[in-house]
Protein chains: 2
Amino acid sequence: MSYVQQAYRTLKDRILANRYPPGQQILEQALADDLGMSRTPVREALIRLHDEGLVELIPRRGMRVVPLAPEDMQEIYEVLSALEVAAVELAARRPLEPDTLQPLEDALQAMETRLADDDLDGWARADARFHRALLALSGNRRLVAMAATLADQVHRARMTTLRLRPRPVKSIEEHREVLEALRAGDGERAAGAHRRHRHNAARLLLDLLNYYRLPHL
Amino acid sequence: MSYVQQAYRTLKDRILANRYPPGQQILEQALADDLGMSRTPVREALIRLHDEGLVELIPRRGMRVVPLAPEDMQEIYEVLSALEVAAVELAARRPLEPDTLQPLEDALQAMETRLADDDLDGWARADARFHRALLALSGNRRLVAMAATLADQVHRARMTTLRLRPRPVKSIEEHREVLEALRAGDGERAAGAHRRHRHNAARLLLDLLNYYRLPHL
DNA sequence: AGATGCAATAACGTATACGTTAAATTATTC
DNA sequence: GAATAATTTAACGTATACGTTATTGCATCT
């Protein structure tokens, strides 16, 4: 793996894991020293992270993890919803092999067990898995990629609200409805259900950010 | 303007103008010589163009303008449709000031005059303007940006099919229906109309590519 | 002649060097 | 002492240098 890729992965992982607090500024040279390489590959990795909306690059101030305000969350959720609903519609249009929906079923069952075990992190991982599987079913690689970068952007916020929200029982029901509609071959119902699910999720997240006064994450 | 920005804009313009034939490979050093700068800023610009899906970067072969196959076009149109339809829905949800829809009206009238003058390039510009204005009405900056990169990707194909297709009379009608529905405050009708419009546009483009055996543009 | 191995080439990935200039610090003036 | 000017510092943007390695061409062998 090239140094650029190393830097990209390492920095991205750290940002998603909230190891660099949003708003903090880090100089290119400091990153390079930390990663044990020169500034060149670090800069190239930073450009990619910038294009994905994860960092800002401010001359003489280095990289700055983009703090997301509630309005940003709203924007991101609007786009993400549109993409996922489209994915559901596309998925419903494809021929339904017996095991097509298995990844969804597996993820959904994982969500249920994790929740029963009060393993919230595990639930969040299974939830993400469900959404990724759904996007993959669209068969549209660009759709998958764009949704993934948006999901990355809200990852921090999702993680911090994970323990502030009520147990995601409703959420699981909503996922199940999407899956059942797909299984029944009813694309319209599936899309509608998913649209409602995304709408509720966004509403919940935004209310939490507002209630707990988390102006930017 | 920095050299990176210069390189980015120049290369992007050339790619969209079809000055670099798709598939052709150009070495980093050749680009740098051509642009009168060193490889460093060229490389950084290439990374951005790569992230936008316009070029591939092949070690020891340099940059390669991504040739788009019909399946790629289909993918791009699927995503672009989803984003624009979402934009219409968001736009319909906003308060309707008297001059909110003026940019759309202006673009639409421009489309009509250009078409009456048989100015196809002018029509294409006005069409693009309409779609940009529509996206802007969503008030969602990320939505606008993502749609713009997708529109850039299909730009070459649109230009080459511009003179192979019948006169876009139907297209203008479809735009007008979207505008009228927005004016009437009927978001659902507007979204539906735009969805049909995008569907028709994609179908037309793909049929043309198929009919004229243009396997990758 | 075709295939195989070796040498030469050159393109990339990364490191380093360097000029420019914004920011910070110190000195100076009122 | 506060405000301004002069000086220093250092971070970035870009250029250059360089080692590694894929590719190409040639020579050798069958």
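Order of the sequence lines sets the chain letters (A, B, ...), proteins ahead of strands, with each chain counted from 1.
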When the side chains of residues 92-100 of chain A are checked against the rest of the protein, which donor-acceptor pairs come out under 3.5 Å, sequence neighbours left out?
from	atom 1	to	atom 2	distance (Å)
R94(A)	NH1	L137(A)	O	3.4
T100(A)	OG1	E97(A)	N	2.8
T100(A)	OG1	E97(A)	O	3.0

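- Within residues 25-37 of chain B, the residues approached by DNA chain C to less than 4.0 Å at the level of any non-hydrogen atom are L27(B), E28(B), in residue-number order.
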Under 3.5 Å, side-chain donor or acceptor atoms of residues 25-33 of chain B against the rest of the protein: list the pairs with distances, not counting sequence neighbours.
from	atom 1	to	atom 2	distance (Å)
E28(B)	OE1	R39(B)	NE	3.2
E28(B)	OE1	R39(B)	NH2	3.4
E28(B)	OE2	R43(B)	NH1	3.1
Q29(B)	NE2	D33(B)	OD1	2.9

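- Using modelled atom types, no side-chain atom of S138(A) and backbone atom of L134(A) make a donor-acceptor pair closer than 3.5 Å.
- In the model, S2(A) has a side-chain atom that pairs as donor or acceptor with a side-chain atom of Q5(A) under 3.5 Å.
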task = Test K12(A) against E52(A) for salt bridge (Lys or Arg N to Asp or Glu O under 4.0 Å), laying out the working first.
result = CA-CA 10 Å; K12(A) 182 160 177 174; E52(A) 292 179 17; 3.1 Å; yes
task = Using the salt bridge (Lys or Arg N to Asp or Glu O under 4.0 Å) rule, take R114(B) and D127(B) through it: C-alpha gap first, then chi angles, then the decisive distance, then the call.
result = CA-CA 10 Å; R114(B) 299 293 177 284; D127(B) 178 73; over 6 Å; no
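- Here D106(B) pairs with Q102(B), R129(B) under the side chain to side chain contact (heavy atoms under 4.5 Å, CB included) rule; sequence neighbours left out.
- Applying the side-chain hydrogen bond (donor to acceptor under 3.5 Å, both in side chains) criterion to E112(A), with sequence neighbours excluded, gives R176(A).
- R14(B) meets the side-chain hydrogen bond (donor to acceptor under 3.5 Å, both in side chains) test with Y20(B), D34(B); sequence neighbours excluded.
- Residues V88(A) and A191(A) come closest through the heavy atom pair CG1-N, 3.6 Å.
- A nucleotide of DNA chain C counts as in contact with chain B when one of its atoms lies under 4.0 Å from a heavy atom; the first and last such, 5' to 3', are dA10(C) to dT14(C).
- Of the residues in residues 2-11 of chain A, those lying under 4.0 Å from DNA chain C by heavy-atom distance are S2(A), Y3(A), V4(A).
- The ring-ring contact (aromatic ring centres under 6.0 Å, His included) check on H131(B) picks up H175(B), H194(B), H197(B), with sequence neighbours excluded.
- Note: L206(A) CG to T161(A) OG1 = 10.0 Å, rounded to the nearest 0.5 Å.
- Taking a 4.0 Å limit (strictly below) on heavy-atom distances, residues 41-55 of chain A reaches DNA chain D at R43(A).
- For N140(B) (side chain) and R142(B) (main-chain N/O), a donor-acceptor pair under 3.5 Å exists by modelled atom type.
- For the pair P21(A) and V65(A), the tightest heavy-atom approach, listed with the atom from each and the gap, is O-CB, 4.1 Å.
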Distances under 3.5 Å between nitrogen or oxygen atoms of protein and nucleotides 23-26 of chain D:
from	atom 1	to	atom 2	distance (Å)
dT24(D)	OP1	R61(B)	NH2	3.1

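- Residues that satisfy the salt bridge (Lys or Arg N to Asp or Glu O under 4.0 Å) test with D121(B), not counting sequence neighbours, are R163(B).
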